[in-house]
Amino acid sequence: MSQSNRLAAGGLIDRASSIGFTFDGRRYAGHPGDTLASALLANGVKLVGRSFKYHRPRGVLTAGSEEPNALVELRSGARREPNAKATVAELYDGLEATSQNRWPSLAFDLMAVNQLASPVFVAGFYYKTFMWPAKFWEKLYEPMIRRAAGLGRLSGEADPDSYEKITAHCDVLVIGSGPAGLAAALAAGRSGARVILAEEDFALGGRLNSDRRLIGDKTSAAWAAEAVAELESLPEVTVLRRTPVVGVYDDGVYAALERVSDHMREPGAHQPRQRLWRIVAKRSVLAAGALERPIPFGGNDTPGVMLASAVRTYLNRFGVAPGKRAVVYANNDDAAATIADLAAAGCEVVAVVDARGDAPALHAAARAARASLVFGGAIARAYGGRSLKGCEIVDGRGGGFKVACDLIAVSGGWNPSIQLTTHLSARPVWDDRLAAFLPGARPVGMEVAGAAEGAYGLGDALAAGFRAGAAAAEACGFAAGAVDVPATDQEPGDTHGRGPWRSPVKRGKAFVDFQNDVTVSDVELAAREGFKSVEHLKRYTTLGMATDQGRTSNVLGLALMAEITGRSIPETGITAARAPFTPVAIGALAGAHRHKEFRPTRLPPSHFWAEEQGAVFTETGQWMRAAYFPRPGEKDWFESAVREVTTVRTAVGVYDASTLGKIDIQGADAGVFLDRVYVNAFSSLAVGKARYGLMLREDGVAMDDGTTTRLGETHYYMTTTTANAGGVMRHLELCKQWLWPELDVHFSSVTDQWAQYAIAGPRSREVVAALVDEGFDVSNEALPYMGARELTVCGGVKARLFRLSFSGELAYELAVPARYGDAMIRAIIKAGEPFGICPYGAEALAIMRIEKGHAAGPELNGNTTAADLGMGKMLSKKKDFIGRTMSGREAFLDPERPSLVGFRPVDRSARLRSGAHFVPRGETPSAANDQGYMTSTAYSPSNGHWIGLGFLARGPERMGEIVRAYDPVRGGDVEVEVVSPVFVDPEGARLRG
Amino acid sequence: MSTDNYSIFSVLREALRGHTGWKPAWRDAAPKAAYDVVIVGGGGHGLAAAHYLAKEFGVTNVAVVEKGWIGGGNVGRNTTIIRSNYLLPGNIPFYEHSMKLWEGLEQDLNYNAMVSQRSVINLFHSDGQRDAYARRGNAMRLHGVDADLLDVAELKRILPMLDYENARFPVKGALRQKRGGTVRHDAVAWGYARSADGRGVDIIQNCEVTGFRIEGGRILGLETSRGFIGAKKVALACAGNSSRVAAMAGMRLPIESHVLQAFVTEGVKPFIDTVCTFGAGHFYISQSDKGGLVFGGDIDGYNSYAQRGNLPTVEDVCEGGMALMPAIGRVRLLRSWGGIMDMSMDGSPIIDRTPVEGLYLNAGWCYGGFKAVPAAGHCLAHLIARDEPHPVAAAYRLDRFATGRTIDEKGMGAQPNLH
Amino acid sequence: MRIACPFCGPRGVDEFAYLGDATVKRPNADAPDALPAFVEYVYLRDNPAGLHRELWQHALGCQSWLVVTRNVRTHVIDQVEAARDVAAARSSEAE
Amino acid sequence: MAETLVARSALRAHVAPPAAPAGAPGFTLREVPDLTLASVAALKGREAELAEAVRAAYGLDLPQGPKRVASGPVAFVGAGPGKWLAVSSAATDFSALPAAVADQSDGRSAFRLAGPKARETLATLIQVDLHPRAFGAGDVALTHAASIAVTLWQLDDEPSYEILMFRTYAATLWRWIVEAGRSRGVEARLAG
Ligand SMILES: Cc1cc2nc3c(=O)[nH]c(=O)nc-3n(C[C@H](O)[C@H](O)[C@H](O)COP(=O)(O)OP(=O)(O)OC[C@H]3O[C@@H](n4cnc5c(N)ncnc54)[C@H](O)[C@@H]3O)c2cc1C
Ligand SMILES: NC(=O)c1ccc[n+]([C@@H]2O[C@H](COP(=O)([O-])OP(=O)(O)OC[C@H]3O[C@@H](n4cnc5c(N)ncnc54)[C@H](O)[C@@H]3O)[C@@H](O)[C@H]2O)c1
Ligand SMILES: Cc1cc2nc3c(=O)[nH]c(=O)nc-3n(C[C@H](O)[C@H](O)[C@H](O)COP(=O)(O)O)c2cc1C
Ligand SMILES: [Zn+2]
């Protein structure tokens with residue numbers, strides 16, 4: 001395991017320790033401070049991946065998160081992570097990487113036959129083919145395409161790691177830690193402002209670590225280290241490494257992703273894998289730098305072709321020579337540094353191809369490196385297949401020659417990293433002098449500094465950073481003192497790369513978008529077929545749509561389109577960048593709330609007791625409710641629920657009704673207010689009485705129902721359905737604050753304050769009597785049906801007792817403060833034992849309310865009116881109320897509207913199902929014969945057969961008629977008789993008794 | 001020589017000569033002085049209407065004017081789901097008509113839009129939801145549309161990656177429409193444009209409508225950024241912007257503009273081969289042919305014309321995703337974007353005449369108008385050509401809000417952000 | 001997006017519930033043209049692409065209903081007022 | 001007559017097991033039992049009367065805004081325009097105040113978090129700025145902890161905080177705080 005390409009010295013790696021890793025099962029060694037890419041290059045590994053469409057062999061192009069080629073699967077088992085960029089994956093001991101999108105192996109990929117068909121597989125060919133026969137698309141073509149597409153594989157197992165989110169507020173957020181970012185953070189941090197410095201990389205310093213520059217008398221990397229040390233000593237500065245800022249949102253909200261544990265084999269105990277930061281910043285400084293762009297030429301994707309700036313990063317930061325014999329191809333002066341650094345590292349620079357005329361900077365560098373210089377020339381073609389063997393160079397006069405080389409360093413100018421300036425829709429502006437898009441309008445509060453705004457000189461970047469950091473701090477009210485911008489060594493010459501945009505020689509495939517295999521000729525084809533808008537170009541060819549989001553290709557692609565169509569670059573335009581800046585694991589965006597903790601769980605006061613009883617629970621919104629309480633020997637919910645109903649109807653049962661919404665309403669105008677929100681009147685309700693109320697939406701449709709009790713002259717207690725409690729409260733607040741602010745009325749949600757138990761059944765009065773304290777009379781005379789009173793139970797616990805019944809039996813609802821809820825249910829059970837009490841759950845409750853024809857959620861489904869529900873007569877004519885006027889619309893008065901009736905099977909042994917549709921007897925089921933639908937069904941122990949509620953056209957007029965309940969999705973088709981929706985005690989004698 | 005018909009043979013022929021013979025898929029037309037019909041909006045609906053006007057109704061003196069580039073609106077940014085699994089009688093026949101048109105689309109257009117009937121699966125988590133889905137499935141069957149209810153055992157076979165064991169809201173089954181699926185969204189716009197263009201329709205890009213010329217209650221033409229264009233009839237198909245354009249004709253609509261975000265991950269090998277919606281969270285997902293998981297959730301919930309949303313919705317959608325499919329934790333979100341939609345007051349669309357004679361409206365498609373593209377185009381063309389609504393779109397009237405014949409699938413009432 | 005609740009201070013949009021257009025006014029139910037007025041009130045919207053006055057509630061906060069003036073193109077918020085104050089001012093104007 | 005009823009916390013069992021860090025705790029988490037709580041809303045036109053009554057009975061000026069004022073066992077917490085939460089660690093009857101008063105002693109549960117890592121832990125659940133420059137002793141936030149509505153205030157500069165939530169959410173929120181606190185040295189014990 002020799003690191004054949006590791007330089008003898010230099011770099012920000014820890015040479016003292018060596019760490020092992022595997023790639024495609026082979027073992028290699030690297031050092032802490034390496035990325036997977038630098039370690040692979042150090043070991044002489046050039047072939048690291050296969051391209052998306054043609055499965056072409058690919059190597060490392062860049063040294064950052066813009067990498068289009070070097071994608072691998074990291075780790076294994078449930079932690080397998082597809083499409084990891086080797087250029088950002090930090091090396092750790094035991095790292096496992098596997099190449100992807102190849103079969104059977106990286107070196108021999110059978111899918112590479114796609115290359116043979118590549119003349120057919122041009123941009124957009126799918127749209128022109130695969131149409132015959134039509135059925136073959138889903139069966140044959142699409143599965144084939146899908147298998148070939150995609151890159152890495154998911155494990156298919158649940159992600160075993162955890163994630164965390166955190167919110168941070170600051171005065172100044174600095175994005176990027178190159179010279180501009182460090183300077184900005186220093187200026188702001190020294191002022192005392194709260195500063196967050198977020199850097200994507202694990203090393204701070206940006207290009208300071210990649211280039212051999214001097215700041216004052218220090219190397220640029222040493223200066224960066226000192227700046228970081230100072231920042232870390234400032235109490236209000238937070239330095240976040242491995243943390244790209246990924247999104248900019250309205251009003252200074254930024255999302256950043258901290259890769260907490262990705263540089264370790266697995267996260268430490270209780271540590272998340274990643275942490276999503278929501279940063280709320282008053283100001284921000286974007287110092288994200290600039291990325292170099294390639295120059296397309298034939299075979300420019302051969303492993304060994306690399307961006308010139310990345311070559312420097314590997315040499316200087318990682319102490320790795322990405323090649324031994326290099327050709328440099330540039331259209332600007334920046335490559336001079338690459339030539340010099342290669343030479344300094346002992347690599348041979350065989351040729352320098354300057355696409356421009358003779359430019360002194362490259363001329364001098366080439367001469368110093370003893371490289372032959374070709375100006376006005378180009379690379380015609382690179383060759384070598386799985387690793388670069390050489391290239392053909394043409395000079396400006398038509399001559400050409402071949403040179404052997406194992407590295408081509410390409411420098412086509414710079415693209416400022418302005419993506420984050422456009423997340424809030426601003427358009428970038430083209431700058432002809434810099435040949436680059438610069439930030440247009442900035443998001444409110446954001447400044448851009450350094451290479452990200454086109455200040456490419458190191459000195460300029462430092463100066464801009466200090467200036468922006470100070471300005472940002474000052475805008476937040478801090479005094480930033482003057483700074484001396486340190487002096488720097490000589491800047492390179494003209495680094496702008498104003499073209500040419502591609503090699504003029506067309507030989508072989510010249511890639512623009514490496515990852516999505518989009519070539520120069522694809523761009524030409526798109527233009528030919530009319531896809532000339534950059535957005536059409538993108539979507540037709542997929543240019544810029546891969547995991548790198550075209551960070552090395554977008555500008556190039558549109559520049560080529562501009563050239564081909566004879567338009568200027570600004571006329572041609574640029575595609576929009578979108579969040580995230582760099583791809584983010586979905587697990588991190590989801591955070592900690594997974595599995596059972598996806599949403600909060602609300603537990604009513606009897607929950608622990610119910611668990612002890614072996615209750616089976618059901619999720620109702622956020623609540624857990626006991627569905628039924630199985631007893632030994634009962635084989636399913638049905639038996640238990642039927643037994644519970646029978647017990648209530650013949651003896652007594654208890655149900656925890658605490659999940660109902662409960663609202664305390666007070667104020668001089670409480671009665672008037674309720675008159676306006678309910679269809680019926682409440683101001684006339686006597687103190688100590690409860691009344692059923694129905695609320696409509698303003699459009700006349702039923703919104704919610706419940707009972708409201710008048711506890712005092714100006715004091716009411718409202719109950720709502722469990723599901724709508726929040727919505728009703730919001731509605732009441734709106735009515736009070738917005739519609740009728742003149743009214744004196746106040747609400748307090750007391751849902752959680754009271755544990756409320758329904759005690760129902762012929763023996764319920766006896767149970768209640770055993771619980772209330774002496775002196776309180778619960779007789780029918782003292783507390784009649786719909787009566788309510790405040791009293792004490794069990795020796796002084798204050799309580800409210802309501803004579804309400806949802807089950808249709810003699811029944812009470814007893815409310816005690818929630819802390820006593822657990823003890824109360826135990827006391828009720830105990831007091832009820834002599835009378836045969838049992839607890840009943842939501843299933844039994846549902847059966848009983850259906851037996852009584854009470855509407856609930858399935859009937860109040862957002863489309864039904866009071867009249868549909870059989871409550872049309874409740875609508876007061878004496879007052880205005882929400883929904884009154886709109887209830888008078890034509891369709892609401894249509895006699896054909898389905899309205900609520902009951903159903904029983906003609907064959908009494910037949911089962912009914914909710915969701916069945918009603919079809920007239922003897923007619924074929926069809927849309928035209930669809931007359932309504934079943935909303936609720938239950939087996940009624942009292943009747944000995946199934947019963948149902950449902951909406952049927954002209955239902956109330958059709959009593960006794962037989963219709964079909966048609967349920968094809970469950971294979972049901974049952975004849976049912978239309979009956980009254982009240983199946984038990986229609987006169988209501990029991991509940992009044 | 002040029003290549004007109006698309007087929008494997010024409011592709012092979014072109015391959016031999018470097019693909020130099022292809023013609024533009026549609027001409028980049030400049031506006032003429034006047035047309036019989038001008039359609040505002042080069043999205044799916046506008047382009048489909050132009051195609052059907054020309055092909056089915058013989059009306060070819062037609063222009064589609066688009067303020068940007070065609071397909072740049074919602075047709076180019078939706079999550080590509082097609083289905084006809086609706087509940088209400090006003091909707092089912094319409095969407096089924098659309099489904100049938102999708103089923104023959106490629107042959108009709110000579111363009112592969114990759115209609116993929118890979119099935120749409122709506123999960124339920126409670127008995128109440130199951131019954132509501134049964135009601136819907138039965139309604140579909142009564143209309144002759146395919147629907148079936150799946151139990152958990154069947155679901156586990158089709159969607160093994162769901163969290164069945166440890167979920168906060170356990171999956172209890174699903175409603176499936178096998179004929180539902182996805183379509184390659186951009187190709188729909190391009191395919192209709194190419195076909196309409198081939199039949200003589202002018203597709204005019206970078207031409208923004210800025211006003212209408214109306215005299216005596218009759219439309220005469222429209223003002224655009226490229227000058228006045230005369231028209232006997234004008235139809236609006238400018239999803240998301242309907243209110244603004246209608247306001248130029250003096251109308252107020254029962255519509256708010258809202259942003260819906262959508263998301264795509266990095267490409268991965270086949271993971272899920274159906275469309276799946278999560279009834280207890282705000283999440284739905286499918287996988288594109290390129291391998292990206294395409295997913296979304298609820299709208300952000302406030303009026304917006306900004307084509308982008310905010311972070312809480314992103315988080316909410318991803319939470320829903322992880323709750324349903326904990327295996328997607330390590331796939332990376334690649335890109336998020338937003339689209340502006342006409343959210344109508346009952347969640348259903350409008351295809352109708354307007355108080356201005358000769359001015360027709362196609363609007364209010366909410367987040368569901370992609371699947372409607374063929375039928376909406378066809379029905380709009382029918383309305384324009386015949387001046388009466390197509391029977392399957394007869395419920396989509398403007399006056400339904402006044403009469404109370406609203407079509408409210410979700411039962412949310414007049415609150416657009418809840419539909 | 002962050003909304004500055006007059007009581008609580010600036011908070012993330014996730015704490016707020018949205019209702020919509022705050023310029024419509026509940027009509028008088030006793031007026032002879034009440035039905036068309038209600039149809040308009042409940043269903044018709046200006047839906048401008050610029051400044052929009054809209055109702056939000058600080059639902060996961062102090063429960064205040066707010067009238068927010070916001071540019072719906074840029075999401076920039078100009079003004080946040082308590083709905084009760086706006087309503088009170090509006091009814092005193094009407095008198 | 002039936003036996004007397006025992007009061008029980010919403011956290012009874014079933015919440016995460018007690019967590020104890022190896023070293024010094026990053027923060028402690030405790031339930032605050034037996035608070036007397038009442039929601040208090042000023043009646044129309046009687047705002048001054050209420051303020052006067054509170055001053056007379058408890059020697060406190062009702063805070064205008066999200067603030068907490070305390071004297072002895074009693075505190076008033078701003079809960080919205082014209083609304084307060086009256087809090088007392090002793091048995092206190094607030095019902096006589098000239099206001100709309102609703103007992104909430106059982107409607108909410110309360111936890112106290114104290115120690116150097118309390119703030120960072122809260123930041124994983126709550127999005128309000130708790131930095132000392134933005135939030136100090138006496139400050140109140142009506143907000144949510146990962147969607148659970150909470151009222152939070154700071155008691156002192158240790159820092160320690162009290163957080164109130166609707167009682168039926170208490171078990172969930174307890175688990176979530178303990179979970180977020182595990183990497184931050186939470187020491188969590190139930191009362192009693
Ligand atoms: C994120 C997202 C996901 C969605 N997912 C689905 C889904 O899975 N399934 C589904 O069925 N539906 C979905 N939809 C909804 C669907 O995309 C839309 O309902 C549908 O595309 C709207 O019709 P259209 O294609 O004609 O609209 P668009 O493509 O928006 O066309 C309208 C055109 O009008 C143009 N225009 C506007 N104003 C003017 C003017 N003044 N002058 C000239 N031109 C103008 C616009 O530029 C635009 O191109 C989704 C929507 C979004 C945003
Ligand atoms: N010679 C040239 O033409 C040329 C061109 C460009 C840059 N440069 C050199 O590069 C340097 C420019 O300085 P600078 O500070 O502007 O840039 P930089 O490239 O040194 O630093 C930018 C930093 O931002 C980080 N970053 C980018 N996006 C990020 C995000 N979203 N979140 C978090 N971190 C992010 C990068 O990882 C990098 O560390 C100077 O040294 C300059 O001389 C030179
Ligand atoms: C179904 C679908 C799949 C997409 N897949 C990708 C993708 O693989 N890569 C990508 O960069 N964008 C993808 N996008 C998003 C587009 O790049 C773009 O964001 C979207 O069309 C909206 O346009 P805009 O972002 O320019 O506003 C996809 C969009 C859709 C609708
Ligand atoms: Zn507030």
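No experiment lies behind these values; they were computed from the predicted model shown.
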Tell me, do C:M1 and A:V253 make a side-chain contact under 4.5 Å, heavy atoms counted? no

Would you mind checking which part of A:L732 comes under 4.5 Å of any heavy atom in chain C, side chain (CB onward), backbone (N, CA, C, O), both or neither? neither

Rounded distance (nearest 0.5 Å) linking atom CG of A:L739 with atom NZ of C:K25: 9.0 Å

Residues of residues 54-65 of chain C contacting chain A, heavy-atom criterion under 4.5 Å, by residue number: C:L55, C:Q57, C:A59, C:Q63, C:S64, C:W65

With only heavy atoms counted, which part of C:A17 is less than 4.5 Å from chain A, the side chain, the backbone, both or neither? side chain

Below 4.5 Å from any heavy atom of chain A, which atoms of C:V67 appear? Answer side chain, backbone, both or neither. side chain

Should A:W738 and C:R26 count as side-chain neighbours, where that means a heavy-atom distance under 4.5 Å? no

Contacting region of A:H731 [heavy-atom separation from chain C under 4.5 Å]: neither

Using every non-hydrogen atom in the two residues, find where C:T74 and A:D250 come nearest and quote the distance to one decimal. O-OD1, 3.7 Å

What part of A:S425 gets closer than 4.5 Å to chain C, counting heavy atoms only: side chain, backbone, both or neither? neither

For residues A:P741 and C:A87, report the shortest heavy-atom separation together with the two atoms involved. CG-CB, 3.6 Å

Using non-hydrogen atoms and a limit below 4.5 Å, what part of residues 43-51 of chain C faces chain A? C:Y43

Heavy-atom distances under 4.5 Å only: say whether A:R884 touches chain C with side chain, backbone, both or neither. side chain

Please classify the contact of C:D30 with chain A as side chain, backbone, both or neither, using a heavy-atom distance under 4.5 Å. side chain

State, to 0.1 Å, how close C:A29 and A:T885 come at their nearest heavy-atom pair, and which atoms those are. CB-OG1, 3.7 Å

Shortest non-hydrogen pair, C:R2 vs A:D251, comes out as N-OD2, 2.8 Å

Shorter than 4.5 Å, heavy atoms on both sides: which option in A:R889, A:E698, A:E733, A:R697 has the most such pairs with chain C? A:E698

A:F881 versus chain C, the contacting section by heavy-atom distance below 4.5 Å: backbone

Please state whether the side chain, the backbone, both or neither of A:L734 comes within less than 4.5 Å of a heavy atom of chain C. both

